[in-house]
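All values below were derived from every heavy atom in this structure, side-chain atoms included, with hydrogens, water molecules and symmetry-related copies excluded. Within every chain, numbering begins at 1; the chains are lettered A, B, ... in the order of the sequence lines, protein sequences first and strands thereafter.
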2 protein chains.
Amino acid sequence: MKRQTKQRDLVVTALTKARGFVSAQALHASMTHSGSTISLATVYRALTDMVGEGDVDSLLSLEGENLYRACSSNGHHHHLMCRECGATVEIDAKPIEEWSRAQAAAYNFTDVEHVVDIFGLCSQCA
Amino acid sequence: MKRQTKQRDLVVTALTKARGFVSAQALHASMTHSGSTISLATVYRALTDMVGEGDVDSLLSLEGENLYRACSSNGHHHHLMCRECGATVEIDAKPIEEWSRAQAAAYNFTDVEHVVDIFGLCSQCA
DNA sequence: ACCTTATTGAGAAGTCTTTTCAATAACGCT
DNA sequence: AGCGTTATTGAAAAGACTTCTCAATAAGGT
């Protein structure tokens, strides 16, 4: 069965404290900086599990790195993220969902999922 | 100045022969299989250059791997791709462009770029 | 043909992520 | 509380993708 450990709690705490999306490495670094001795592998494992359980949201940066964030809204949604500071706005996009479905149907694609994210500079970083 | 080499030509040929998006590694493997002795590094270099010149289109797979394809349509567009065989349909999506711009503007984000791709199973692979 | 220099090949190196495995600690039960 | 089971951890190794280094090669202009 699944167990609640100190390490996982720390990851949750650290992730909650982060403003926006952060990489596993960055999260580990900040935790280490705060005195924790958690291992990088454990951070990865915790994040992966949490994503699977829907408690954490993840996306691929433009460089192909996985970024994580504590979910604020449940369910499917998209992101508008500052590529400088990681600040993120969650946006839900009904038109996109419908458009995606329609496109897939038009070409007889099934079992579809989509990636829709916007990256830019927020007003503070611009 | 830029030089036209046999290796780059081979990459173009191989990429054109591929049905849809392929990874640099897969492309190199197929070229090797066909008797070429081109190095992996050169394949990466050629692909990177071609993307920069707009002759080749690239996208990040859901696993964070870069995939490449010879461009058929110029300019900005999106993809509907079969995650099994790589077959790809290029779709242009004016509504998405406008939506993206509008969202960015609404939150005072500038210098925006977006990632919009749909992955699924094509009719043949379903 | 020759010279200059962009390009190549091979391997090393870099990053991100996952896996291995022995040691540890969480949870259920008594 | 104490105990046994077994999920979880830490540390290092391994794996995957991509870039870099550098000497050798070859493209293109003269």
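Remark: A:His28 pairs with no residue by the ring pair (Phe, Tyr, Trp, His ring centres under 6.0 Å) rule, at least two apart or across chains. In this view, A:Gln124 and A:Cys122 satisfy the side chain to side chain contact (heavy atoms under 4.5 Å, CB included) rule, not counting sequence neighbours. In terms of the side chain to side chain donor-acceptor pair (under 3.5 Å) criterion, B:Glu98 has no residue partners (sequence neighbours excluded). Annotation: side chain to side chain contact (heavy atoms under 4.5 Å, CB included) contacts of B:His76 (sequence neighbours excluded): B:His78, B:Glu97, B:His114. For A:Asn108, the side chain to side chain contact (heavy atoms under 4.5 Å, CB included) partners two or more places apart in sequence, or in a different chain, are B:Ser123.
A donor-acceptor contact shorter than 3.5 Å links the side chain of A:Ser34 to the backbone of A:Ser30. A side-chain donor-acceptor contact under 3.5 Å links B:Thr88 to the backbone of B:Gly86. Between the side chain of A:Ser36 and the backbone N or O of A:Thr32 there is no donor-acceptor pair closer than 3.5 Å.
Between the two ends of the helix from C:dA1-D:dT30 to C:dT30-D:dA1, each summarised by a five-pair axis, the helix axis turns through 40° (rounded to 10 degrees).
Rounded to whole Å, atom C1' of C:dT17 lies 16 Å from atom CD of A:Glu63. Look at NE2 on A:His28: it is 12 Å from P on D:dT9, rounded to the nearest Å.
Among pairs with a residue in residues 111-126 of chain A, those fulfilling salt bridge (Lys or Arg N to Asp or Glu O under 4.0 Å) read A:Asp111-B:Arg83, A:Glu113-B:Arg83, at least two apart in sequence or across chains. Counting only residues at least two apart or on different chains, the salt bridge (Lys or Arg N to Asp or Glu O under 4.0 Å) pairs with a member in residues 24-53 of chain B are B:Lys2-B:Glu53, B:Arg8-B:Asp49.
Contacts of residues 18-25 of chain B with DNA chain D (heavy atom under 4.0 Å): B:Gln25. For residues 34-54 of chain A, proximity to DNA chain C is found at A:Leu40, A:Ala41, A:Tyr44, A:Arg45, defined as any non-hydrogen atom under 4.0 angstrom from a strand atom.
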Side-chain atoms of residues 16-25 of chain A: list all donor-acceptor pairs with protein atoms under 3.5 Å, sequence neighbours left out, distances to 0.1 Å.
residue	atom	partner	partner atom	Å
A:Thr16	OG1	A:Val12	O	2.7
A:Ser23	OG	A:Ala26	N	3.0
A:Gln25	NE2	A:Tyr44	OH	3.1

Sequence-aligned protein contact record of nucleotides 24-30 of chain D, with B where the base is within under 4.0 Å of a protein heavy atom and S where only the sugar-phosphate is:
--BBS--
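For the OP1/OP2 pair of D:dT18 and a distance below 4.0 Å, the side-chain nitrogens and oxygens of B:Asn66 include at least one atom meeting the criterion.
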